[in-house]
Amino acid sequence: MLNNEYLKRVYAQVEERDGHESEFLQAVREVFESLEYVVPKHPEWEKAGLLERFVEPERVVEFRVPWTDDQGCVHVNRGYRVQFNSAIGPYKGGLRFHPSVNLSVVKFLGFEQVLKNSLTTLPMGGGKGGSDFDPKGKSDNEIMRFCQSFMTELYRHIGQFTDTPAGDIGVGAREVGYLFGQYKKIVDRFDGGVITGKGLSYGGSLARTQATGYGICYFASEVLRQQKNDSFEGKNVIVSGSGNVAQYAAQKCMQLGGKVIAMSDSKGYVYDPDGIDLDKLFEIKQVRRERISVYADEVQGAEYHEGCKDIWTVKCDIAMPCASQNEMDEAGAKALIANGAIAVFEGANMPLTPEAIAAVQAKGLLYSPGKASNAGGVATSGLEMSQNSLRMSWSFEEVDEKLHEIMKKIYTACYEASVECGKPGDLMLGANVAGFLKVADAMMAQGVV
Ligand code: NDP
């Protein structure tokens, strides 16, 4: 429930204009509920139309992406880039290729990205993009032609001082390579900092592949240690998804003494009471690009269950949702609670529905929002850009150490903001407030633009 009149008025405007964009509305509402704690202290924000500007992207680009399949048939997909807010730095945020991508999804991701990037302590504004193109089942050549067509329009909107995309769902090293190659060809310049998540041979950063997943575990360890004097040691953990974020969250969790007992893809989940064999999982997902069901066919004692949402019914101590938005609903959260889970650390962006968050918080579970706990990916993208500018590359250990430090600082910023708001340990509130205050300050300093 919103109480502050200014927040209510701006939210009503967003509802009126963008009522059909359900994911975007959900993200705005969650942040506005947190801003109740700070908006009344800043009457100058209303005079400056700060919130009205904050919820309106600076620029939205939507474009046609025509491409030809291996049989010579022409297909047309829709491409997007939402340049949400550049108050503290050039727009930065990934590209998602998935059939569910639409303007609402890209806007919610861009909006979240503004606050996340602010939390990283690096000078990055927020943006996001993508397409409703489905890379699944496409040949390498089809993926390449699609990426080239996508970049043939996107290139004019990006640049290392304006907007620097990266990967996200459906956009990994292969896609980033094709996108960068086409950009370089069009502009006739090796502008490495224009996109991150690049391969190591052409300007990528060591540890970027692992960064989001590792960062989640660094953040989670900090929460467990500071708030419960506890750790991953001996804990049974569910990591949903089995893509980039999930794979490396699972790896770091195991390194820290946890046992990952269930993982999923969009069709179903596997349960392995002995702990997921990550070498096998990496081979299935990274090399063979197969469904997760294959894991249960090949690993003794593992079970496969259709339906990814039921993964939360597996008994665990810690849940790390690392697949997609709204993947855990109230029923999922209640199943976790009933099974005695102590924490939910978000790896994906907005993976819990508002009802799931309320359920988890009401029962006092530790909870971290994605914009804080998954910020390690974009933070390391920032480190990749720094290395590109310096024309240097740091070792894996150096990048990993910087990532670890950043995640600790993000935790501290979120925790301190939660204390200032009078709700110590409410990291969702802390992340929203800490992320927003820096952006608000920069926006106020730069005038009505
Ligand atoms: P990937 O494409 O590598 O993997 C996505 C995984 O999630 C796959 O296992 C996929 O299964 C599953 N999945 C996708 N959509 C759904 C769905 N609707 N329901 C259930 N499962 C689904 O993406 P990433 O690992 O990169 O991204 C995962 C999440 O993390 C996203 O929310 C992303 O925005 C967020 N994130 C990613 C960052 C990064 O650095 N990559 C940084 C910060 C956040 P299937 O193969 O069947 O589709």
Side-chain angles (χ1 to χ4, degrees), residues 23 27 92-101 105-106 108-113 115-117 119-120 126 128-130 133-137 165-176 196-197 204-205 207-216 219 239-250 262-270 281-282 284-286 288-295 306-312 320-329 332 345-353 369-384 403 407:
E23 292 86 357
K92 171 108 203 98
L95 297 171
R96 177 177 291 190
F97 293 168
H98 193 271
S100 63
V101 167
V105 167
V106 181
F108 114 67
L109 289 165
F111 181 74
E112 291 278 291
Q113 196 82 41
L115 298 169
K116 181 190 314 198
N117 293 3
L119 288 170
T120 64
K128 199 85 187 187
F133 173 75
D134 187 357
K136 277 203 200 77
D168 190 78
I169 291 181
V171 178
R174 172 181 59 172
E175 291 74 17
V176 168
T196 56
S205 172
R208 172 60 187 93
T209 307
Q210 293 81 358
T212 308
Y214 279 21
I216 295 159
F219 189 94
V239 177
S240 66
S242 48
N244 171 266
V245 176
Q247 289 168 19
Y248 291 100
M263 294 183 75
S264 60
D265 61 20
S266 57
K267 295 279 181 283
Y269 72 91
V270 288
L281 183 95
F282 281 24
I284 292 170
K285 284 292 169 184
Q286 294 182 3
R288 291 153 54 186
R289 291 179 188 269
E290 288 184 311
R291 309 304 307 166
I292 204 161
S293 57
V294 171
Y295 180 93
E306 288 284 338
C308 54
K309 282 208 165 182
D310 292 339
I311 193 171
W312 310 119
M320 297 202 283
C322 294
S324 199
Q325 64 271 11
N326 292 328
E327 56 168 303
M328 189 194 295
D329 58 15
F345 301 118
E346 292 188 347
N349 286 310
M350 211 166 77
L352 270 67
T353 62
K371 65 172 76 71
S373 37
N374 73 25
V378 71
T380 308
S381 278
L383 300 178
E384 180 174 331
L403 166 67
M407 297 315 295

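Computed from a prediction, not measured in an experiment: that's the story for all the values here. One-based numbering, in listed order, for ligands and for the atoms of each.
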Self-check item: Gln247 versus Ser242, side-chain donor and acceptor atoms under 3.5 Å
Solution: no
Quiz item: Cut-off 3.5 Å, side chains only: do Arg208 and Thr196 have a donor facing an acceptor?
Solution: no
Quiz item: How would you list, by chain and number, the residues with a heavy atom under 4.0 angstrom from ligand 1?
Solution: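 Correct list: Arg96, His98, Lys116, Lys136, Asp168, Ile169, Gly170, Arg208, Thr212, Gly241, Ser242, Gly243, Asn244, Val245, Ser264, Asp265, Ser266, Arg291, Cys308, Cys322, Ala323, Ser324, Gly347, Ala348, Asn349, Asn374.
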Quiz item: Between Phe219 and Tyr214, does a ring pair (Phe, Tyr, Trp, His ring centres under 6.0 Å) hold up when you go through it step by step?
Solution: CA-CA 9 Å; Phe219 189 94; Tyr214 279 21; over 10 Å; no
Quiz item: Do Ile169 and Ser324 have side-chain heavy atoms sitting under 4.5 Å apart?
Solution: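 Yes, close enough: below the 4.5 Å cut-off.
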Quiz item: What distance do Glu175 atom CD and Phe97 atom CZ have between them, rounded to the nearest 0.5 Å?
Solution: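 Glu175 CD to Phe97 CZ: 7.0 Å, rounded to 0.5 Å.
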Exercise. Check whether the ring centres of Tyr269 and Tyr295 lie less than 6.0 Å apart, and answer yes or no.
Key: no
